[in-house]
Amino acid sequence: MKFPDTLGFDPKLENQLILTEVSAVMNWMRKNSLWPMPMGLACCAIELMSSGASRFDISRFGAEVMRFSPRQTDLMIVAGTVTYKMALAAKRLYDQMPSPKWVIAMGACASSGGMYRSYAVLQGIDRILPVDIYVSGCPPRPEALLEGLIQLQKKIQIEPSLLRQKKADC
Amino acid sequence: MNAPAHFQWSSAVNRCRRLLNGGVLVENLFHHLPACLIASIGLTLVVLLALQKPSWRPLAILPLGASLILAWQRSRRRFFTNRQAAAWLDARHALHGLGTLAQDGVPLSAPLGQNLARGHFPPRLHWRWMKLLRPAIAPVLTLLVLQLIPWKTTSPSATRSIPIHKQIRRQLERIQTLEKTGLLPGRELDGFKREIEDLNRAAGAYAGDPPTLEAADRLSEQLAKSESNLLNQLRSCADAVNSLQQFAVTGKAMETWQSAELKTQTAELLQKMKDLGLDSDPALSQLNNKELAEIMRAYLAGANAELPKNPGELQNMLDTMRQWLKTKADKASQCQLGAGCSDHFITETEAERQALKSACSGVSGQPGKGGNDRGRADAELTYGDETRLDDKAFQARLLPDGASPSADQSLTLSIQALPPKATPLAGAATPSSSAAASTAKTEGHGAAVLLRHRETVRRYFTQPTPPSK
């Protein structure tokens with residue numbers, strides 16, 4: 001079993017002690033039990049669906065419980081072109097998600113507007129939401145999304161979760 | 001004898017002095033610890049601000065300026081004068097005092113002047129501080145490159161959902177305000193109050209669980225929908241009254257007054273006014289217009305409602321209707337439902353009304369007709385305290401030109417009078433025609449393809465032909 005970097009494990013000790021911090025344990029639980037909300041807005045959503053299917057199987061990383069209610073999720077995957085009209089709804093849904101919460105911008109359109117340099121398209125969802133991971137591609141393959149998910153898990157593991165919670169409470 | 005006229009001694013000494021003084025300043029900047037520290041902090045700030053807060057970048061000049069002032073204070077006493085610079089040139093270039101003499105205005109003999117003119121000017125300076133400056137080259141270049149990169153806007157900070165108790169309190173306040181103004185019917189308000197009680201019970205038992213939060217969202221949506229419906233009813237009534245008033249003002253088509261279409265319009269108007277609260281005796285008795293009260297009573301009783309045939313009476317009745325609707329719209333404005341919805345009732349002339357209608361055409365359409373301001377169930381998008389929308393993110397702005405091809409770059413192949421007709425491709429032969437297939441293969445080999453694609457094309461055409469079914 002591979003332990004996270006912040007967990008200390010010494011097999012030489014007789015009682016098999018594990019030394020760790022509370023925040024590390026919390027992060028370990030959080031990162032392996034992400035509940036994504038698929039914010040499918042365009043063709044990237046097809047790849048997102050594919051990620052959840054059996055071939056790529058996002059459940060290997062503990063993020064298969066996709067919910068369409070923001071109240072029950074902690075990860076928003078913005079997949080597709082974000083128009084200004086939809087951006088307001090996306091912002092509202094993000095606000096309704098309970099803390100702690102994370103955002104993945106999937107694809108070029110969600111990250112930077114992509115090829116749609118139009119008056120109607122938001123040039124990147126990070127203008128209104130704090131994005132944690134950007135996944136490149138047009139659209140990205142499911143493997144790319146899974147790689148983004150793994151990167152997010154690494155980020156969650158090392159972040160000071162208690163401080164983040166405290167900051168959010170303020 | 002004076003020095004030759006073509007030799008500009010004073011400008012050479014001035015330039016040498018400026019270089020020397022610059023060296024002194026930079027040396028002090030990097031050797032004086034406080035100035036060095038402040039300069040380093042300034043450089044770091046510039047980089048950080050360029051990355052995080054581009055709008056604060058001008059503030060980074062403050063520490064840099066402070067370090068420069070400190071260095072200036074320290075090096076002021078060590079600055080070279082022109083005579084010292086001339087002496088430095090003497091020593092550096094072995095002029096044997098000629099430079100100092102020339103600086104002092106002592107006339108030099110011609111051979112000496114020629115020697116001075118053959119001197120190496122401008123002098124090549126080998127400063128100690130050139131070595132010291134080397135580490136600063138990288139950050140300075142980095143800064144320059146940073147200035148050239150178009151940085152994205154920084155992500156906003158994370159928000160937090162509103163606690164359930166606060167949400168319940170807010171919805172309760174909305175309901176109380178609506179109740180105070182009497183805009184919504186009692187049964188609807190009772191339903192909302194029951195929802196609040198259920199929410200309170202659930203919040204006490206399961207504080208902040210997702211289903212409770214979802215129920216609060218649902219109630220908020222219902223309230224927004226009720227408010228939106230109310231506003232739409234008011235707007236629709238106002239439009240109907242306005243259109244009826246056109247008939248009354250112009251006196252047009254009095255003979256068609258009792259047409260079926262007008263009767264339908266009248267019935268719809270009375271129904272909407274009934275929904276808005278004109279369905280009880282106290283409300284009707286408060287009206288100043290007896291005709292309208294009688295018509296409304298007849299409509300409520302199920303009888304056919306007929307408008308008065310006298311234009312004067314009709315005008316009076318419509319004025320009463322407008323007045324009553326305006327009162328309702330004012331109440332709605334007091335509740336901050338749809339700011340400016342009473343504008344429908346302010347305009348008096350037809351021209352003003354049309355201007356307002358054209359100005360608001362994108363904003364206030366009929367319910368169900370759609371529009372760019374319409375969200376779910378025609379409700380306005382409502383936000384809580386948690387949303388701090390950056391207005392700049394939603395501001396319309398002109399984007400730079402893309403790489404769209406212009407018409408000048410296009411090439412006209414042919415102009416035909418008829419629509420183009422599909423012609424079979426030369427290589428698209430039927431599978432049964434082996435001769436044609438072999439021709440296609442030959443043409444495929446002979447086609448102009450890029451070098452790196454040639455192998456792929458060759459492999460494709462050399463594959464065995466699949467058997468035809």
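Each chain gets a letter, A, B and so on, in the order the sequences are listed, and its residues count up from 1.
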Chain A-proximal positions within residues 212-219 of chain B [heavy-atom distance under 4.5 Å]:
B:Leu213, B:Glu214, B:Asp217
Contact residues of residues 54-76 of chain A (partner chain B; heavy-atom separation under 4.5 angstrom)
A:Ser69, A:Arg71, A:Gln72
I need the A:Glu147 CD to A:Gln151 CD distance, nearest 0.5 Å.
4.5 Å
How long is the gap from CG on A:Leu122 to OH on A:Tyr116, to the nearest 0.5 Å?
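A:Leu122 CG to A:Tyr116 OH: 14.5 Å, rounded to 0.5 Å.
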Would you name the heavy atoms of [X] and [Y] that are closest together and state the gap between them?
X	Y	result
A:Ala79	A:Ala45	CB-N, 4.0 Å
B:Glu188	B:Ser226	OE2-OG, 2.7 Å
A:Pro36	A:Ile77	CB-CD1, 3.9 Å
A:Val131	A:Ile133	CG1-O, 3.4 Å

Report yes if the side chains of A:Leu145 and A:Pro140 come closer than 4.5 Å at any heavy-atom pair, otherwise no.
no
Do the charged groups of B:Glu221 and A:Arg92 touch, with an N to O distance under 4.0 Å?
yes
Ignoring hydrogens and angles, tell me if any N or O in the side chain of A:Ser111 forms a donor-acceptor pair with the backbone of A:Gly107 under 3.5 Å.
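Looks like yes, one N/O pair under 3.5 Å.
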